[in-house]
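These notes are about the structure you will find just below.
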Amino acid sequence: MVRLTKRNRQRLLEQNEGFTTSSSYDSKNSTYEREYRIVGGKLLIQEIGKTSWSDSRYDNSWVANDEEVHRFLYKYLWKLNTDGLE
């Protein structure tokens, strides 16, 4: 298994340019879908959802921080190209 050091995390992002996947969450008071894209050596996250409040739809996008990148890579490592990493 690849160790997710800061250097390896960056190399994984660079080696998997263009990778996309999505996830969703649904509960009584909140629903959202997230799309993850690796572009330019960065992980971009877009979240579209709604809450139980009226007028509560939202669409947010951001560049993942180190913690979010680590969680994403740990979860989806089996789908990614890990060639050349130890």
(message) Once side chain to side chain donor-acceptor pair (under 3.5 Å) is applied, do any residues pair with Asp59, and if so which ones, sequence neighbours excluded?
(response) Gln46

(request) Measure the shortest side-chain to side-chain distance between Leu43 and Arg37 over non-hydrogen atoms and say whether it is less than 4.5 angstrom. (result) no

(message) To the nearest 0.5 Å, what is the distance between CD1 on Ile48 and OG on Ser61?
(response) 7.5 Å

(message) Strictly by side-chain hydrogen bond (donor to acceptor under 3.5 Å, both in side chains), give each pair with a member in residues 71-83 just once, sequence neighbours left out.
(response) Glu67-Arg71

(request) Enter the distance from Arg11:CZ to Leu4:CG here, rounded to the nearest 0.5 Å. (result) 12.5 Å

(message) Show me the pairs that pass side-chain hydrogen bond (donor to acceptor under 3.5 Å, both in side chains) and involve residues 17-28, at least two apart or across chains.
(response) Asp26-Thr31

(message) Rounded to the nearest 0.5 Å, what separates atom CH2 in Trp62 from atom CG in Leu44?
(response) 11.0 Å

(request) Over all heavy atoms of both residues, which pair between Gln15 and Leu85 is shortest? Give the atoms and the distance, please. (result) OE1-CG, 4.3 Å

(request) Give a yes or no on whether Val63 and Ile38 share a hydrophobic cluster (residues Ile, Leu, Val, Met, Phe, Trp, Tyr; joining criterion: side-chain heavy atoms under 4.5 Å apart). (result) no

(request) Have a look at Gln10 and tell me which of Glu14, Lys6, Arg7 forms a side chain to side chain donor-acceptor pair (under 3.5 Å) with it. (result) Glu14

(request) May I ask you to decide if Glu47's main-chain N or O and Glu33's side chain share a donor-acceptor pair within less than 3.5 Å? (result) no

(request) Starting at CD1 of Ile45, measure out to NZ of Lys42 and round the result to the nearest 0.5 Å. (result) 13.0 Å

(request) Heavy atoms only: give me the nearest Ser56-Trp53 pair and the separation to one decimal. (result) OG-O, 2.5 Å

(message) Tell me whether Asn16 contacts the main-chain N or O of Phe19 through its side chain, where contact means a donor paired with an acceptor under 3.5 Å.
(response) no

(message) Between Val39 and Phe72, is there shared hydrophobic-cluster membership here, with clusters defined by ILVMFWY side-chain heavy atoms closer than 4.5 Å?
(response) no

(message) I'd like to know if Tyr36 and Leu12 are part of one continuous hydrophobic network [Ile/Leu/Val/Met/Phe/Trp/Tyr, side-chain heavy atoms within less than 4.5 Å].
(response) yes

